[in-house]
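These numbers come from a predicted model, not from an experiment.
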Amino acid sequence: MVDFAGWSMPVQYSSIVAEHQATRTAVGLFDVSHMGRLRFDGPEAGDFLDRVTTRSVRDLKPGQVRYSLITNESGGILDDVLVYLLADAAGQPYFLMVVNASNREKILDWLRPRISAPAGVQLSDVTCDWAMIAVQGPGALAAAQPLVEVKLSRLKYYRACESLVAGHGGIVSRTGYTGEDGCELIVGSAVARGVWEALAAAGGTAAGLGARDTLRLEAAMPLYGHELSEDVNPFQAGLAFAVDLEGRTFPGRDVLARAKDDPRSPRRVGLAMEGKRPAREGNEIRSGGRVVGRVTSGTLSPTLGRPIAMGYVEPQFALSGQRFEVDVRGQMLEGSVVELPFYKRPQPTAKGV
């Protein structure tokens with residue numbers, strides 16, 4: 001157990017590799033209650049969120065979930081977030097924003113002054129009232145279905161709804177951070193233990209921070225504090241899809257409009273390493289004897305059986321197949337730039353094919 005943004009979190013329960021492989025082949029359970037959950041009520045909540053996020057949420061339909069970013073006035077990333085539009089039992093709409101645990105207080109401090117008074121927006125931090133469990137893997141939906149009222153197979157990817165979970169009110173979303181299919185269950189903190197134990201009894205393998213990191217890295221999902229920071233803009237990070245510039249205003253919008261086509265900015269790339277020794281965060285990426293970038297995340301991939309990494313390099317070195325060396329404690333390890341993601345989950349084959 002380690003301290004993680006003020007939460008006591010498990011790095012591993014058994015072994016990182018065993019938990020990783022269980023998620024890729026069966027069902028992994030992740031207690032992600034540390035993720036910040038912010039609720040927005042009121043008639044102006046949608047307009048407010050549309051003014052503070054890089055991706056428009058004005059056109060969200062009830063039940064949709066959208067990946068977006070919050071940027072500062074310089075276009076740097078304050079956090080990457082999920083924005084949900086949900087309806088309560090009375091049919092009243094509200095928004096939910098899930099933020100990174102390490103950024104919760106920062107985002108709250110940034111949002112609150114931007115809600116003018118009197119306002120048609122009420123912001124509530126419900127992080128400690130609600131727990132959140134990610135059920136991930138090819139067997140995830142089958143394991144979770146007996147506990148939830150909604151038919152999971154009919155819930156599309158990046159969709160969510162209120163639903164009974166183990167007989168209690170909750171939220172179910174078809175989302176995750178592993179590269180696998182699955183869902184995330186948001187329940188009252190008082191009933192979380194029972195939900196977790198029921199999922200474990202259904203065959204779920206408890207997985208910690210270590211496996212969560214190796215899984216997301218294989219799927220090339222950026223992590224705040226590694227691939228994302230206030231010194232990185234969305235276009236450098238390969239997140240252009242999460243920025244809607246036309247007809248909108250949000251912090252950093254004009255800076256990002258200029259940065260969109262800037263050919264000088266470093267770019268996030270995938271790195272395939274030779275041998276068995278992984279590169280690590282901060283290692284220098286070199287070409288022709290000079291430093292052209294740095295590694296942001298690296299591991300020995302349990303699925304692929306070889307070292308993989310992500311990092312930022314000068315744009316002329318971001319082409320697939322580009323050769324490089326990484327300085328790992330004085331040893332120069334060779335590798336090449338590869339297309340992301342490193343891993344894509346197998347797609348189901350139609351019957352009879």
Side-chain angles (χ1 to χ4, degrees), residues 1-14 16 19-20 23 27-40 65 67-70 77-84 95-112 123-137 140 144 160 165-166 168 170-180 182-197 199-200 204-217 219 221-230 281 297:
M1 304 290 285
V2 298
D3 177 81
F4 186 84
W7 295 74
S8 185
M9 296 291 295
V11 174
Q12 62 194 68
Y13 292 85
S14 55
I16 292 173
E19 294 162 20
H20 179 113
T23 306
V27 186
L29 302 180
F30 301 81
D31 183 351
V32 291
S33 302
H34 62 300
M35 301 291 288
R37 288 169 294 284
L38 313 179
R39 176 169 170 158
F40 299 82
V65 183
Y67 179 85
S68 189
L69 304 163
I70 296 177
I77 299 172
L78 292 169
D79 202 10
D80 62 333
V81 302
L82 290 183
V83 179
Y84 303 57
F95 289 86
L96 180 68
M97 178 184 286
V98 176
V99 305
N100 282 292
S102 59
N103 290 331
R104 179 170 64 99
E105 292 295 338
K106 177 179 75 172
I107 294 301
L108 281 168
D109 291 343
W110 188 86
L111 288 171
R112 283 171 173 151
L123 166 59
S124 306
D125 180 5
V126 295
T127 304
C128 293
D129 300 320
W130 300 352
M132 191 170 182
I133 300 170
V135 191
Q136 302 285 291
V165 180
H168 300 272
I171 297 168
V172 180
S173 64
R174 194 82 178 266
T175 50
Y177 191 56
T178 63
E180 294 297 333
C183 61
E184 293 178 306
L185 309 178
I186 299 175
V187 298
S189 57
V191 302
R193 178 173 176 172
V195 173
W196 177 274
E197 290 177 346
L199 291 165
T205 296
L209 291 173
R212 193 162 183 254
D213 191 52
T214 56
L215 289 158
R216 71 92 193 170
L217 181 49
M221 295 178 171
L223 176 62
Y224 200 89
H226 293 257
E227 288 71 44
L228 308 180
S229 74
E230 295 185 39
E281 179 187 7
S297 298

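- A donor-acceptor contact shorter than 3.5 Å links the side chain of Ser33 to the backbone of Met132.
- The minimum heavy-atom distance linking Ile133 with Ala192 is given by the pair CD1-O, 4.0 Å.
- In terms of the ring pair (Phe, Tyr, Trp, His ring centres under 6.0 Å) criterion, residue partners of His34 (sequence neighbours excluded) are, by chain and number, Phe4.
- Side-chain N or O atoms of Gln12 include none that pairs as donor or acceptor with a backbone N or O of Ala211 at under 3.5 Å.
- Considering only residues two or more places apart in sequence or on other chains, Ala160 meets the side-chain contact (heavy atoms from CB on, under 4.5 Å) condition with Val65, Tyr84, Leu86, Ser173.
- With hydrogens and angles ignored, the 3.5 Å screen pairs no side-chain donor or acceptor of Ser68 with any backbone N or O of Val81.
- With a 4.5 Å cut-off on side-chain heavy atoms, Met97 and Ile70 count as touching.
- In terms of the salt bridge (Lys or Arg N to Asp or Glu O under 4.0 Å) criterion, residue partners of Arg216 (sequence neighbours excluded) are, by chain and number, Asp213, Glu227.
- Using a 4.5 Å cut-off on side-chain heavy atoms (C-beta onward), Val195 and His168 make no contact.
- For the side-chain hydrogen bond (donor to acceptor under 3.5 Å, both in side chains) test, no residue two or more places apart in sequence or in another chain qualifies with Arg112.
- The shortest side-chain heavy-atom distance between Val83 and Phe40 does not fall under the 4.5 Å cut-off.
- With hydrogens and angles left out, the side-chain atoms of Glu184 and Thr175 include a donor and acceptor closer than 3.5 Å.
- Residue pairs satisfying the salt bridge (charged side-chain N to carboxylate O under 4.0 Å, His left out) criterion with at least one member in residues 29-38, sequence neighbours excluded, are absent.
- Remark: Tyr13 pairs with no residue by the ring pair (Phe, Tyr, Trp, His ring centres under 6.0 Å) rule, at least two apart or across chains.
- The side-chain heavy atoms of Leu123 and Leu38, taken from C-beta on, include a pair separated by under 4.5 Å.
- Here OG of Ser124 is found 10.5 Å from CG of Leu96. Values are rounded to the nearest 0.5 Å.
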Under 3.5 Å donor-acceptor pairs involving side-chain atoms of residues 98-107, not counting sequence neighbours:
from   : atom 1 : to     : atom 2 : distance (Å)
Asn100 : ND2    : Asp79  : OD1    : 2.6
Asn100 : ND2    : Asp80  : OD1    : 2.8
Asn103 : OD1    : Lys106 : NZ     : 3.4
Asn103 : ND2    : Leu78  : O      : 3.4
Asn103 : ND2    : Asp79  : OD1    : 2.9
Arg104 : NH1    : Asp125 : OD2    : 2.5
Lys106 : NZ     : Leu78  : O      : 2.9
Lys106 : NZ     : Tyr224 : OH     : 3.2
Lys106 : NZ     : Glu230 : OE2    : 3.3

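- At least one side-chain heavy atom of Val135 sits under 4.5 Å from a side-chain heavy atom of Leu29.
- In this structure Glu281 satisfies the salt bridge (Lys or Arg N to Asp or Glu O under 4.0 Å) test with no other residue, sequence neighbours excluded.
- Qualifying side-chain hydrogen bond (donor to acceptor under 3.5 Å, both in side chains) partners for Glu180, counting only residues two or more places apart in sequence or in other chains: Arg24, Tyr343.
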